> 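Sharing a structure below in C-alpha cells format, with a few things to ask.
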Amino acid sequence: MAPALLAALSFVLLAVVYSSGGVAASASTAPPLGLVFHVGGPRGWRVPDANTSYGWWAMNNRFHVGDSLYFKYGGGDSVLVVDRESFDGCNATEPLARFADGATTVRLDRPGFFSFISGAPGHCEEGQKLIVRVMVHPAEIAAAPGPALAPATSQPGHGGAPGSGSGSGSSARPGQSGASSGATAVAAGASLAAAMAGLVLLLECSV
C-alpha cells in the first residue's frame, strides 16, 4: 500500500503546483488599475495663464483605456464633452455631455480622442480647452487573441478619426484578462479535484 499511496500523493502535489502556476501566470497579464489625471494640476480647470497650456500637458502624459480625467473648477464654469469640430470652433451649443458640479470625473472608456471645452462664455477662446488621445493598455494588447485569418472588411477612412469619438472595434476591452484568469482557475480546480478522486480510489483499493 505504501508505494501506491506515495505515488498518489506525488501526483496530487504536482497537480497543485501546476494549477497554482497557471493561475499566477494568468493573473500577471491583467492590466493595472486606471490612473486619475488632475486636469490643470493644483490650479484646476480654469482659463490658462502664461505658464499653463492644456495642449502641452496632454502631450506630456500617456492616457490609456480605464484612466480618468478629474476636473476641479469654480461656480459659473463647466466641462463640455464635444466633437472635434466644436472643439476647433469653440462651439458650446451642442455638447455631447455637459457637467457643472464643480468636481467632474470623466472615465476614458475607449481608445481614440476625447475633446473638452469650457462652457463659460469666452473661456474656450482664451485657451480653456483640452483634447487627449487614449490608447489601449499594453497589457491588454498582450492578452488579446491573435489576428483572424480572414481578411479585414473595414475600408480606408472608417477608423477612429481625431475627435470623432469612435475607436477601433477590434481593440481589447477591460475584463478580457479577468475572464481568462477565471477560466484558468476553473481548469486548475478541476485538475485538483480529479487528482483527489484518484487518491481516494487508490486508498479504497488498498483497503
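These numbers come from a predicted model, not from an experiment. We're numbering straight along the sequence, starting at 1.
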> Might you point out which heavy atoms bring Val65 and Pro111 nearest each other, and give the distance in Å?
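The pair with the smallest heavy-atom distance is CG2-N, 3.5 Å.
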> Please tell me if the side chains of Tyr73 and Thr104 come closer than 4.5 Å, counting only heavy atoms from C-beta onward.
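Yes, close enough: below the 4.5 Å cut-off.
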> Any chance you could lay out the side chain to side chain contact (heavy atoms under 4.5 Å, CB included) test for Leu108 and Leu69, step after step, and finish with the verdict?
CA-CA 8 Å; Leu108 307 175; Leu69 298 180; 4.2 Å; yes
> Ignoring hydrogens, what is the shortest heavy-atom contact between Ala92 and Leu80? Give both atom names and the distance.
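Scanning both residues completely, I find the closest heavy atoms to be CB-CD1, 3.4 Å.
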> Please name the pair of heavy atoms, one in Ser68 and one in Arg107, separated by the smallest distance, quoted to 0.1 Å.
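Closest heavy-atom pair between Ser68 and Arg107: OG-CA, 3.8 Å.
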> Working to the nearest 0.5 angstrom, can you tell me the gap between Arg62 CZ and Leu35 CG?
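CG of Leu35 is found 13.5 Å from CZ of Arg62.
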> Ring of Phe114, cation from Arg110 - is the NZ or CZ under 6.0 Å from the centre and inside 45° of the axis?
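Satisfied, under 6.0 Å and within 45°.
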> Please check this pair: side chain of Asn61 against backbone of Ala58, looking for a donor-acceptor N/O pair closer than 3.5 Å.
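Judged by distance alone, no pair lies under 3.5 Å.
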> Identify all side-chain donor-acceptor contacts of residues 38-46 below 3.5 Å with residues at least two apart in sequence or on another chain.
residue, atom, partner, partner atom, Å
Arg43, NH1, Asp49, OD2, 3.4
Arg43, NH2, Asp49, OD2, 3.3
Trp45, NE1, Ser78, O, 3.0

> Do Tyr54 and Phe116 pass the ring pair (Phe, Tyr, Trp, His ring centres under 6.0 Å) test, and can you show the C-alpha distance, the side-chain angles, and the key distance before you say yes or no?
CA-CA 10 Å; Tyr54 292 113; Phe116 307 90; over 10 Å; no
> CE/Met59 to CD1/Ile131 distance, rounded to the nearest 0.5 angstrom?
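These two atoms lie 12.5 Å from each other.
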> In this structure, is the centre-to-centre distance between the rings of Phe37 and Phe63 below 6.0 Å?
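Ring centroids of Phe63 and Phe37 are less than 6.0 Å from each other.
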> Quick check: do Thr52 and Trp57 have side-chain heavy atoms less than 4.5 Å from each other?
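Counting from C-beta outward, Thr52 and Trp57 never come under 4.5 Å.
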> May I ask you to decide if Cys90's main-chain N or O and Lys129's side chain share a donor-acceptor pair within less than 3.5 Å?
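Checking the backbone N and O of Cys90 against the side chain of Lys129, no donor-acceptor pair under 3.5 Å is found.
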> Measure the shortest side-chain to side-chain distance between Val134 and Phe113 over non-hydrogen atoms and say whether it is less than 4.5 angstrom.
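The answer is no, as the side chains (C-beta and beyond) never meet within the 4.5 Å cut-off.
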> Below 3.5 Å, can you tabulate the donor-acceptor pairs from side chains in residues 117-126 to any protein atom, sequence neighbours excluded?
residue, atom, partner, partner atom, Å
Ser118, OG, Asp77, OD1, 2.6
Ser118, OG, Ala120, N, 3.2
His123, ND1, Gln128, OE1, 2.9

> Do Val81 and Val132 share a hydrophobic cluster, counting only Ile, Leu, Val, Met, Phe, Trp and Tyr and linking them when any side-chain heavy atoms are less than 4.5 Å apart?
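Hydrophobic grouping puts Val81 with Val132.
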> Let me see the working for Phe71 and Leu130 under side chain to side chain contact (heavy atoms under 4.5 Å, CB included), right down to the final yes or no.
CA-CA 11 Å; Phe71 296 83; Leu130 170 68; 4.3 Å; yes
> Does the side chain of Pro95 come within less than 4.5 Å of Val82's, by heavy atoms?
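Yes; the side chains approach each other to less than 4.5 Å.
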